[in-house]
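Note on naming: letters A, B, ... go to the chains in the order of the sequence lines (proteins, then strands), and numbering restarts at 1 for each one.
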Number of protein chains: 2
Amino acid sequence: MGQKTADPRAASAPAAPLTQRQEARRLGILAATTRLASRGGFDAVQMRAVAESSNVALGTLYRYFPSKIHLLVATMQDQLEQLHETLRKRPPTEADPAARVAGTLMRAFRAMQREPHLADAMVRALTFADRSVSAEVDAVSRLTTAIIVDAMGLPVPPGPEQLSVVRVIEHTWHSALITWLSGRASIAQVKIDIETVCGLIGRR
Amino acid sequence: MGQKTADPRAASAPAAPLTQRQEARRLGILAATTRLASRGGFDAVQMRAVAESSNVALGTLYRYFPSKIHLLVATMQDQLEQLHETLRKRPPTEADPAARVAGTLMRAFRAMQREPHLADAMVRALTFADRSVSAEVDAVSRLTTAIIVDAMGLPVPPGPEQLSVVRVIEHTWHSALITWLSGRASIAQVKIDIETVCGLIGRR
DNA sequence: CGCTAATGTGGAACACGTTCCAGTGATTCG
DNA sequence: CGAATCACTGGAACGTGTTCCACATTAGCG
């Protein structure tokens with residue numbers, strides 16, 4: 001009676017396998033979301049509009065993504081995966097680990113500047129998410145961590161102290177992004193903040 | 001035409017003076033908000049409920065606070081002012097500036113733990129706020145900065161580098177709070193993150 | 001091929017933030 | 001005191017996220 005079988009994508013791995021059609025639908029929804037978000041930001045991503053724009057019924061949209069927040073967090077995950085891919089192909093070249101991390105984050109930041117509305121939608125969703133989205137937000141967080149750890153060029157299993165530093169960098173990254181998106185900090189200030197926090201790297 | 005006279009409290013100082021009745025109303029609204037938030041968090045702060053609970057018509061509530069976000073950010077400002085007051089009376093006693101800041105933030109954190117729902121409502125509002133609330137969010141940010149600067153025991157005008165450090169600490173504080181509130185980080189982890197970022201103090 | 005369960009469709013309905021308005025005080029100024 | 005202005009009330013109305021439901025389509029499976 002209760003469960004209507006598994007959602008088509010509970011967290012990431014151990015969910016229903018998704019047929020081709022379903023995967024295509026999912027991607028279509030994410031594409032529509034990106035499109036709408038790139039225009040009007042968070043507010044423009046209206047569930048009815050997403051459904052229409054991706055040729056899917058509202059109920060179906062909600063079956064794939066149980067809330068607007070889930071949808072936008074999934075979009076962020078999508079974008080981050082692309083970024084991670086790009087970064088793997090052309091990794092940062094700076095000599096100093098701290099500079100590599102700062103450079104990587106600034107690259108990501110520049111990508112956000114190109115699509116500020118999209119960035120707005122994704123970041124607002126990320127920080128507004130409550131416990132019901134924690135699994136998905138966690139996935140995004142792991143991705144971000146991976147990107148930073150890669151940039152640091154750490155030996156595979158980083159120690160707990162290094163992980164703390166990475167977490168603090170991630171905190172600063174998110175929060176600085178928010179202050180920029182809400183117009184309370186300039187691009188230059190975000191840069192300074194990122195560089196400042198990267199000063200934590202390579203110290204004990 | 002257009003402006004319906006000044007809102008009863010645009011940002012902070014240069015607004016309409018507010019009569020006693022009005023100030024009382026304002027405080028009543030904030031009290032009702034705190035009450036409701038302390039129970040059910042962000043979702044429980046429903047504008048109709050706030051209006052009813054503070055014996056004010058919905059339209060009046062909106063005249064005082066133009067949105068739910070404004071209302072919650074104002075509540076946070078209120079709480080922070082109280083905290084600042086408390087801290088001024090009993091300042092941190094640690095010898096090291098970094099330890100003083102960490103201790104101060106942990107004290108604030110403990111206050112949040114006592115009212116997690118209230119904290120949830122306020123912090124979610126703070127990070128969800130868009131440009132239309134930037135003045136109010138800025139006021140909160142200035143208050144937070146003041147608290148941290150006080151704890152550092154800095155000479156009155158801190159240099160730009162020190163201000164960057166303070167901003168990074170603030171970023172970490174907000175973001176760590178969010179991860180705790182959404183159940184993705186433990187209290188211990190928040191403590192570690194705060195202590196880690198405080199390692200930036202007293203260097204350079 | 002037909003049966004059955006799972007999926008998808010279209011749309012109504014509901015909740016809550018927000019806006020608006022007509023009427024009723026309350027306050028101030030002449 | 002009278003009049004004008006402003007604030008407050010009560011409530012209707014609207015938009016958007018979310019839920020629900022009756023029906024249609026699809027996909028596997030004997």
Side-chain angles (χ1 to χ4, degrees), chain A residues 1-10 15-26 28-29 32-33 36-37 40-74 121 124-125 128-130 132-133, chain B residues 1-9 15-26 28-29 32-33 36-37 40-73 121 124-125 128-130 132-133:
Chain A
M1 181 180 268
Q3 293 291 91
K4 332 161 167 230
T5 67
D7 298 337
R9 184 56 77 93
L18 289 204
T19 69
Q20 268 190 342
R21 282 177 80 81
Q22 284 175 325
E23 188 56 31
R25 237 189 269 267
R26 191 187 138 85
I29 292 173
T33 303
L36 287 168
F42 188 89
D43 292 335
V45 180
Q46 302 186 356
M47 298 306 270
R48 287 173 242 258
V50 172
E52 210 171 321
S53 179
S54 51
N55 294 307
V56 140
L58 193 53
T60 306
L61 174 54
Y62 272 96
R63 177 193 287 271
Y64 280 75
F65 301 97
S67 79
K68 174 169 173 171
I69 300 295
H70 283 83
L71 173 57
L72 283 169
V73 171
R124 296 263 291 288
F128 192 62
D130 64 358
S132 71
V133 208
Chain B
M1 182 175 290
Q3 292 292 91
K4 324 155 173 235
T5 66
D7 300 336
R9 184 56 76 92
L18 289 205
T19 69
Q20 266 191 342
R21 281 177 80 81
Q22 285 174 325
E23 187 56 31
R25 238 189 268 266
R26 191 187 138 86
I29 293 173
T33 303
L36 287 167
F42 188 88
D43 293 335
V45 180
Q46 301 186 359
M47 299 305 269
R48 286 175 241 258
V50 172
E52 210 171 321
S53 179
S54 50
N55 294 308
V56 142
L58 194 52
T60 307
L61 173 53
Y62 272 94
R63 176 192 288 268
Y64 280 75
F65 303 96
S67 79
K68 174 169 172 171
I69 300 294
H70 283 84
L71 173 56
L72 284 170
V73 171
R124 297 263 291 287
F128 193 63
D130 65 358
S132 72
V133 207

**Asked** Starting at CD of Glu52(A) and ending at C1' of dG17(D), how long is that distance when rounded to a whole Å?
**Response** 16 Å
**Asked** Does the side chain of Met47(A) come within less than 4.5 Å of Tyr62(A)'s, by heavy atoms?
**Response** yes
**Fill in**
Rounded to whole Å, the CZ-P distance (Phe65(A) to dG8(C)) equals 12 Å
**Item:** Any donor-acceptor N/O pair, His70(A) side chain to Tyr64(A) backbone, under 3.5 Å
**Value:** no
**Asked** Within less than 4.0 Å of OP1 or OP2 of dA27(D), is there a side-chain N or O belonging to Arg21(A)?
**Response** yes
**Prompt:** Do Leu72(B) and Phe42(B) touch side chain to side chain, with heavy atoms closer than 4.5 Å?
**Reply:** yes
**Prompt:** Counting any heavy atom closer than 4.0 Å, what does Val50(B) reach on the DNA or RNA strands: base, sugar-phosphate only, or nothing?
**Reply:** nothing
**Request:** Return the value, rounded to whole Å, for the distance between atom CD of Gln46(B) and atom C1' of dT18(C).
**Result:** 14 Å
**Rounded interatomic separation in angstrom, taking CZ from Arg63(B) and C1' from dC21(C)** = 13 Å
**Request:** Indicate whether OP1 or OP2 belonging to dG8(C) is found under 4.0 Å from a side-chain N or O atom of Tyr64(A).
**Result:** yes
**Prompt:** Atom CG of Leu36(B) and atom P of dG17(C): how far apart are they, to the nearest Å?
**Reply:** 11 Å
**Asked** For Glu23(B) and dA7(D), what is the distance between atoms CD and P respectively, to the nearest whole Å?
**Response** 16 Å
**Request:** Please confirm whether the backbone N or O of Gln20(B) pairs with a side-chain atom of Glu23(B), one donor and one acceptor, at under 3.5 Å?
**Result:** no
**Prompt:** In whole Å, what is the span from the CE atom of Met47(B) to the P atom of dT18(C)?
**Reply:** 6 Å
**Asked** Is there a donor N/O on one and an acceptor N/O on the other, under 3.5 Å, for the side chain of Arg48(A) and the base of dT18(D)?
**Response** yes
**Message:** Could you check whether the side chain of Arg25(A) and the base of dG8(C) have a donor-acceptor pair of N or O atoms closer than 3.5 Å, going by distance alone?
**Reply:** no
**Asked** Starting at CZ of Arg26(A) and ending at P of dG8(C), how long is that distance when rounded to a whole Å?
**Response** 13 Å
**Asked** Thr60(A) side chain to Val56(A) main-chain N or O, any donor-acceptor pair under 3.5 Å?
**Response** no
**Message:** Nearest 0.5 angstrom please: Leu61(B) CG to Thr33(B) OG1, how far?
**Reply:** 7.0 Å
**Item:** Side-chain heavy atoms of Glu52(B) within contact of Leu58(B), under 4.5 Å
**Value:** no
**Prompt:** Between dG8(C), dC8(D), dG17(D), which nucleotide has the shortest distance from any of its atoms to the side chain of Gln22(B)?
**Reply:** dC8(D)
**Request:** Specify the residues of residues 54-62 of chain A, ordered by number, for which at least one heavy atom lies under 4.0 angstrom from an atom of DNA chain D.
**Result:** Leu58(A), Tyr62(A)
